[in-house]
Trainee: 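One structure, pasted below without further comment.
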Amino acid sequence: MPRRAVLTGLGGLALAGALAACGDAGRGAPRGDLRVWFHQYGEQGAQEALARYAADYPKGGVRVSSFPADYDERVSSALGGDDGPDVFEFANGPTIDMITSGQVADLTGLLGDARSDFTPALLERMTSGGRVYGIPQVTDMQLLVYRKSLLAQAGVVPPRTLDELVSAARALNRGTVKGLFLGNSGGADVLGGVLLWSAGRDYLTPDRRPGFVAEEVAAGLRTMRGLFTSGDLLLGAARDWPDPSVFIAGEAAMQWTGLWALPAIRAALGDDVGVRPFPAIGRNGATSVPFGAYGAAVNARGDVDRAKDFVRWLWVDRTDLQLDWAQRYGLHVPSRRSLVPQATQLATGLFNEAADLVNTVGHPQTPLLWTPRSAAAYRDALDRVIRGGAEPMAELRAVASVVEAELARFPR
């Protein structure tokens, strides 16, 4: 899968001599080497770049390892033992459980004057009790892409509401071209956030209560169920939503994917491509896109001082490498606001229009207090509704019970 995106594992190739084998888990590194873990990136050149960054560290002694789809589970398990990494990346920063159990080190002091330069919502997502536990590396976002020529032929305008999206998918469903591709699960595994934000709701309320048990959310889910059974969605594709190959091949007129896919799409289809956020749901809704970032964290049981120094060097001081990481291996938005104007690929045209959605209608992918158990309950509920036809409001109430129990674990 040639992309890199938050919260999805990737297959890839380990580099002999630079990256550890997938089963290595960092063991066997020469004594004294700083162990740095990444999930396995799929874009061409990404693995080599990570090895090059490690080799450029002036104090030396850094061993980089990269792991495939079970990366999150591998990290969580390793943090409980003595063979884990000293530095590791994690989707949207360390979890609230890693923080409250003392598994990760406080990185607040690494930021210095650069703190105000990081995208505030990203840094806030990695902050608990005013202390920073992850340094954002790069911003990824998701969005809707469409073929301008196919919409024009069908007399369809880019959808602004969920009802318009459904109507557009129907009008664009012609022969071998399906109207819309939301992934092989019909969006159940990827649209969790936008189905709330676009309905004017959120995962949690400001006073830490479930924010999604609402009729407008349920109505949106009923519409998604109807879309799933309509025959207008592409299902069973060879690649899932992060990969643009089915869209490029003309198997769907519209697709939900990410900013990282736009260079390949633009190279194949030229100017015949437009981008949109997820459409509004209901009267009080608004368009939205999710964004997130892998964050660099330090294992509290590792070589903390050296690990902090490496993180500061790479993700705070070396803005040239941060810009390189954002632009040369897929397309991403730098996590430092001062670097965005220097990101030449984002300066004009389609890429600029897409990246601007982060600032205009973007939402952090999930809140820090949205635990893995809450996430699993919500994702399973969406699957039961969208693919299985379950009653939405009953499912949302059941998820709220799980979320309330999880929130009770963390004192205010």
Side-chain angles (χ1 to χ4, degrees), residues 3-8 36-39 41 43 46 49-50 53 71-72 75 85 87-96 98-99 104-142 193 258-260 289-299 307-343 345-346 354-359 362-370:
R3 62 108 187 170
R4 85 184 143 92
V6 176
L7 298 179
T8 304
V36 182
W37 285 13
F38 294 89
H39 84 283
Y41 289 99
E43 292 90 340
L50 295 175
Y53 299 162
Y71 176 78
D72 288 2
V75 168
V87 178
F88 65 96
E89 68 172 4
F90 213 74
N92 295 314
T95 68
I96 185 64
M98 291 176 184
I99 294 170
V104 290
D106 177 5
L107 305 183
T108 309
L110 305 187
L111 296 175
D113 293 339
R115 179 165 186 161
S116 61
D117 193 30
F118 284 89
T119 302
L122 284 180
L123 199 59
E124 181 182 353
R125 176 59 175 77
M126 303 181 190
T127 300
S128 178
R131 299 184 179 277
V132 177
Y133 293 93
I135 307 298
Q137 298 171 175
V138 75
T139 306
D140 276 318
M141 59 168 293
Q142 300 163 12
L259 179 66
W260 59 84
V289 298
F291 65 84
Y294 274 96
V298 169
N299 183 356
K308 284 184 175 182
D309 187 74
F310 178 76
V311 169
R312 177 195 52 75
W313 173 81
L314 180 55
W315 301 116
V316 180
D317 295 346
R318 290 299 299 270
T319 54
D320 57 329
L321 298 183
Q322 295 159 36
L323 196 59
D324 176 77
W325 187 236
Q327 291 195 101
R328 294 186 61 189
Y329 319 101
L331 184 63
H332 316 273
V333 180
S335 58
R336 303 277 291 273
R337 290 184 290 184
S338 65
L339 297 183
V340 174
Q342 301 177 48
Q345 289 192 48
L346 300 175
D356 191 54
L357 295 176
V358 170
N359 298 315
H363 297 259
Q365 191 157 21
T366 56
L368 179 61
L369 291 177
W370 191 253

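Computed from a predicted structure; not experimentally measured. Positions are given from 1 along the sequence.
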Trainee: State, yes or no, whether a side-chain contact exists between Leu321 and Trp313 at a heavy-atom distance under 4.5 Å.
Mentor: yes
Trainee: Tell me, please, which residues at least two apart from Tyr53 pass side chain to side chain donor-acceptor pair (under 3.5 Å).
Mentor: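 Partners of Tyr53 by the side chain to side chain donor-acceptor pair (under 3.5 Å) criterion, ordered by chain and then number, come out as Asp324.
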Trainee: For the OH atom of Tyr329 and the CG atom of Leu50, what is their distance to the nearest 0.5 Å?
Mentor: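 So the gap between those two atoms works out to 8.5 Å.
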Trainee: Are any side-chain N or O atoms of Thr108 and backbone N or O atoms of Val132, one a donor and one an acceptor, separated by less than 3.5 Å?
Mentor: yes
Trainee: Taking all non-hydrogen atoms of both residues into account, name the closest pair between Val311 and Ala296 and its distance.
Mentor: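 Closest pair (atom of Val311, atom of Ala296, distance): CG1-CB, 4.2 Å.
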Trainee: With sequence neighbours excluded, what pairs up with Arg337 under the salt bridge (charged side-chain N to carboxylate O under 4.0 Å, His left out) test?
Mentor: none
Trainee: Suppose we screen for side-chain contact (heavy atoms from CB on, under 4.5 Å). Which residues come up paired with Ala355, at least two apart in sequence or across chains?
Mentor: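 Scan of Ala355 (side-chain contact (heavy atoms from CB on, under 4.5 Å), adjacent residues dropped) gives Val333, Leu346.
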Trainee: What heavy-atom pair brings Thr139 and Ser335 nearest, and what distance separates the two atoms?
Mentor: OG1-CA, 3.8 Å
Trainee: Mind checking side-chain contact (heavy atoms from CB on, under 4.5 Å) for Met126 and listing every partner two or more places apart, or none if nothing turns up?
Mentor: Pro136, Ala293
Trainee: Would you please test Ile99 and Leu368 for side-chain contact (heavy atoms from CB on, under 4.5 Å) and show each step?
Mentor: CA-CA 10 Å; Ile99 294 170; Leu368 179 61; 4.3 Å; yes
Trainee: Say whether, by atom type as modelled, one donor and one acceptor occur between the side chain of Gln322 and the main chain of Pro334 under 3.5 angstrom.
Mentor: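 No: the side chain of Gln322 does not pair with the backbone of Pro334.
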Trainee: So Leu357 and Phe291, do their side chains get closer than 4.5 Å, heavy atoms only?
Mentor: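 The answer is no, as the side chains (C-beta and beyond) never meet within the 4.5 Å cut-off.
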Trainee: Is any side-chain heavy atom of Leu323 closer than 4.5 Å to one of Asp320?
Mentor: no
Trainee: Quick check for you: to the nearest 0.5 Å, what is the distance between His363 atom NE2 and Met141 atom CE?
Mentor: 11.5 Å
Trainee: Would you indicate whether the side-chain heavy atoms of Tyr133 and Phe90 approach each other to under 4.5 Å?
Mentor: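 No, every pair of side-chain atoms sits at 4.5 Å or beyond.
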Trainee: Applying salt bridge (charged side-chain N to carboxylate O under 4.0 Å, His left out) as the test, list every pair that has at least one member in residues 307-317; sequence neighbours left out.
Mentor: Lys59-Asp309, Asp309-Arg312, Arg312-Asp317
Trainee: Could you tell me which non-hydrogen atom of Phe88 sits nearest to which non-hydrogen atom of Val298, and how far apart they are?
Mentor: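 Minimum heavy-atom contact is CE2-C, 4.3 Å.
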Trainee: Please step through side-chain contact (heavy atoms from CB on, under 4.5 Å) for the pair Phe38 and Tyr294, ending with a clear verdict.
Mentor: CA-CA 9 Å; Phe38 294 89; Tyr294 274 96; over 6 Å; no
Trainee: Do you know the tightest heavy-atom contact between Ile96 and Ser128?
Mentor: CD1-OG, 4.0 Å
Trainee: As an exercise, state the distance from CG of Asn92 to CD of Gln365, rounded to the nearest 0.5 Å.
Mentor: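 So the CG of Asn92 and the CD of Gln365 are separated by 5.0 Å.
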Trainee: Any heavy-atom pair between the side chains of Thr119 and Val358 that's under 4.5 Å?
Mentor: no
Trainee: Just verifying a value: how many Å separate Gln137 CD and His332 NE2, rounded to the nearest 0.5 Å?
Mentor: 11.5 Å
Trainee: What are the two closest non-hydrogen atoms of Trp325 and Ala46, and how far apart are they?
Mentor: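 Taking Trp325 first and Ala46 second, the nearest heavy atoms are CZ3-O, 3.7 Å.
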Trainee: Taking the side chain from Gln142 and the backbone from Val289, do they hold a donor-acceptor pair closer than 3.5 Å?
Mentor: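 No, Gln142 side chain to Val289 backbone: no donor-acceptor pair under 3.5 Å.
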Trainee: Applying side chain to side chain donor-acceptor pair (under 3.5 Å), can you list everything that pairs with Thr319, at least two apart in sequence or on another chain?
Mentor: none
Trainee: State, with a plain yes or no, whether a side-chain heavy atom of Leu111 is found less than 4.5 Å away from one of Ile135.
Mentor: yes
Trainee: Kindly give the heavy-atom pair with the smallest separation between Ala354 and Leu259, and that separation in Å.
Mentor: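 Smallest heavy-atom distance, with atoms named: CB-CD1, 3.8 Å.
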Trainee: With a 4.5 Å heavy-atom cut-off, do Glu89 and Tyr71 have their side chains touching?
Mentor: yes
Trainee: Going by salt bridge (charged side-chain N to carboxylate O under 4.0 Å, His left out), name the pairs with one or both residues in residues 111-126, residues two or more places apart or in two chains.
Mentor: Asp117-Arg336
